[in-house]
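Residue numbers start from 1 in every chain, and the chains themselves are labelled A, B, ... in the order their sequence lines are given, proteins ahead of strands.
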Amino acid sequence: MPELPEVETVRRSLQTLVTGRVIGRVDVRLPRIVRTPSVDEFVADLQGATIVDVHRRGKYLLIDLGGKTLISHLRMEGRYGVYKAGEGVTAHTHVIFHLDGEKELRYQDVRQFGTMDLLPTSGLHDFAPLVQLGPEPLQKEFTSRYLRDAFSRRSTSVKAALLDQHMVAGLGNIYVDEILFRAKVHPMHSAETLSARALRCIVDETRNVISDAIAHGGSSVKSYVNGYGEQGQYQFALNVYGKTGEPCVNCGASIVKMKVVGRGTHFCPKCQRQPR
DNA sequence: AATGGCCTCCGGACGC
DNA sequence: TGCGTCCGGAGGCCAT
């Protein structure tokens, strides 16, 4: 499940692999992936474009084509790979970008949940999903003061609040569980009543977890691989996610899994006490 | 009106 | 072996 560290790792690999390449024909094999514009316009607009750079905002990959930007969200299982032209196309390959130099950039997605939007680069600031994103966790704007204000009058759980991309961009189910474990905060704790100390811990541990995970190339807990087809290594550093019934690394208590806002949520019942 | 939360998309994994 | 159920990111929709 690509979250910020995985998308950042994909970004870095694609930046190396496809920057400077010229796009030729584009095959859209599963039209639902392309949200805007129409598939015909999408294909026509990409023809002849040069990949200038690859950026990221939250969990969105931004493929910079100069005048246009391809905004790609991997959702659950989207992945990119660069292949030799004509190499056998695997199952679940939904979009093929033919490149110069006998290469193909292919988008694969078992769940078919991923999306692509092609917009004029000058109009990116009007694209609602990007505009509404909260700060990047590693930017200096993401402070405990910011989080206090963002979480005020939020009667929802801290887990739901951290998953909300409007609060902070790029966190998903795995890293929120890890952050709350390290911050010793119960996932059901209400967001608006977190202490100043808890808010500071959450901000610090968000930075720690996200930067460590990026340094390890993300977590491969499902099908995730980077643009080279390589797995991440941070799954071996996870403390609670997927550790149901295993002993807590701090206290030895059994890690518990419960549902919070419809998401499987892992935590240590002893280190992360239920508030009142 | 704003906010929270449930449903939906899909197919692999898993359990009975 | 086969069928039903579960899971999840984010947008749409509905209830309060």
Checklist entry - Between atom CZ in A/R32 and atom P in B/dG11, what is the gap in whole Å? => result 8 Å
Checklist entry - Looking at side-chain heavy atoms only, is the closest gap between A/L74 and A/F113 below 4.5 Å? => result no
Next on the checklist: Using a 4.0 Å heavy-atom cut-off, does A/G262 contact any base of the nucleic acid, only the sugar-phosphate backbone, or nothing at all?
Outcome noted: sugar-phosphate
Checklist entry - Are OP1 or OP2 of B/dC10 and a side-chain N or O of A/H92 less than 4.0 angstrom apart? => result no
Next on the checklist: Distance criterion of 3.5 Å, no angle test: do you see the side chain of A/R154 paired donor-to-acceptor with the base of B/dG4?
Outcome noted: no
Next on the checklist: Among A/D45, A/L118, A/T50, which residue satisfies the side chain to side chain contact (heavy atoms under 4.5 Å, CB included) criterion with A/L65?
Outcome noted: A/L118
Checklist outcome for this item: Atom CD of A/E3 and atom P of C/dG9 are separated, to the nearest Å, by 7 Å
Checklist entry - CD of A/E192 versus C1' of B/dG4: gap in Å, rounded? => result 12 Å
Next on the checklist: Any base atoms under 4.0 Å from A/E77, or only sugar-phosphate, or nothing? Heavy atoms, all strands.
Outcome noted: nothing
Next on the checklist: Output the rounded distance in Å from NZ (A/K257) to P (C/dC6).
Outcome noted: 12 Å
Hey, can you pull the donor-acceptor pairs under 3.5 Å for the side chains in residues 168-175 of chain A, sequence neighbours left out?
| from | atom 1 | to | atom 2 | distance (Å) |
| --- | --- | --- | --- | --- |
| A/N173 | OD1 | A/K159 | NZ | 2.6 |
| A/N173 | ND2 | A/G264 | O | 2.9 |
| A/Y175 | OH | A/E6 | OE2 | 2.5 |
| A/Y175 | OH | A/S219 | N | 3.4 |
| A/Y175 | OH | A/S219 | OG | 2.7 |

Checklist outcome for this item: Between A/F113 and A/T156, whichever has its closest DNA chain B nucleotide further toward 5' is A/T156
Next on the checklist: My understanding is that only residues two or more places apart in sequence, or in another chain, count here; which of them pass side-chain hydrogen bond (donor to acceptor under 3.5 Å, both in side chains) with A/Y107?
Outcome noted: A/D109
Checklist entry - Would one find a side-chain N or O of A/H73 under 4.0 angstrom from OP1 or OP2 of C/dA10? => result yes
Checklist entry - Charged N to carboxylate O below 4.0 Å: is that the case for A/R56 and A/E8? => result yes
Next on the checklist: Angle between the two end axes of the helix from B/dA2-C/dT16 to B/dC16-C/dG2, five base pairs per end, rounded to 10 degrees?
Outcome noted: 60°
Checklist entry - Salt bridge or not for A/D212 and A/R182, using N-O below 4.0 Å? => result yes
Checklist outcome for this item: Heavy-atom nearest nucleotide on DNA chain C taken for A/Q132 and for A/M76; more 5' hit belongs to A/M76
Item to check | Rounded distance in Å - CZ (A/R35) to P (C/dG9) | outcome: 16 Å
Item to check | Pair A/R29, A/H94: side-chain N/O donor-acceptor within cut-off below 3.5 Å | outcome: no
Item to check | Per A/N173 side chain, nearest of listed nucleotides B/dG4, C/dG11, C/dG9 | outcome: C/dG9
Checklist entry - Are A/K59 and C/dA10 close enough that a side-chain N or O sits under 4.0 Å from OP1 or OP2? => result yes
Checklist entry - So what does A/T115 touch, heavy atoms closer than 4.0 Å: a base, only the sugar-phosphate, or nothing? => result nothing
Checklist entry - What is the distance from CZ of A/R111 to C1' of C/dG11, rounded to the nearest Å? => result 19 Å
Item to check | Whole angstrom value for the distance that separates C1' of C/dG9 from CG of A/L171 | outcome: 13 Å
Checklist outcome for this item: From NE2 of A/H166 across to P of B/dA2 the rounded distance in Å is 14 Å
Checklist entry - Which is true for A/D109 with a 4.0 Å heavy-atom rule: it touches a base, it touches only sugar-phosphate, or it touches nothing? => result nothing
Item to check | Single-linkage hydrophobic cluster, 4.5 Å side-chain cutoff, A/Y228 and A/I96 together | outcome: no
Checklist entry - Think A/Q165 has a side-chain N or O under 4.0 angstrom from the OP1 or OP2 of C/dG9? => result no
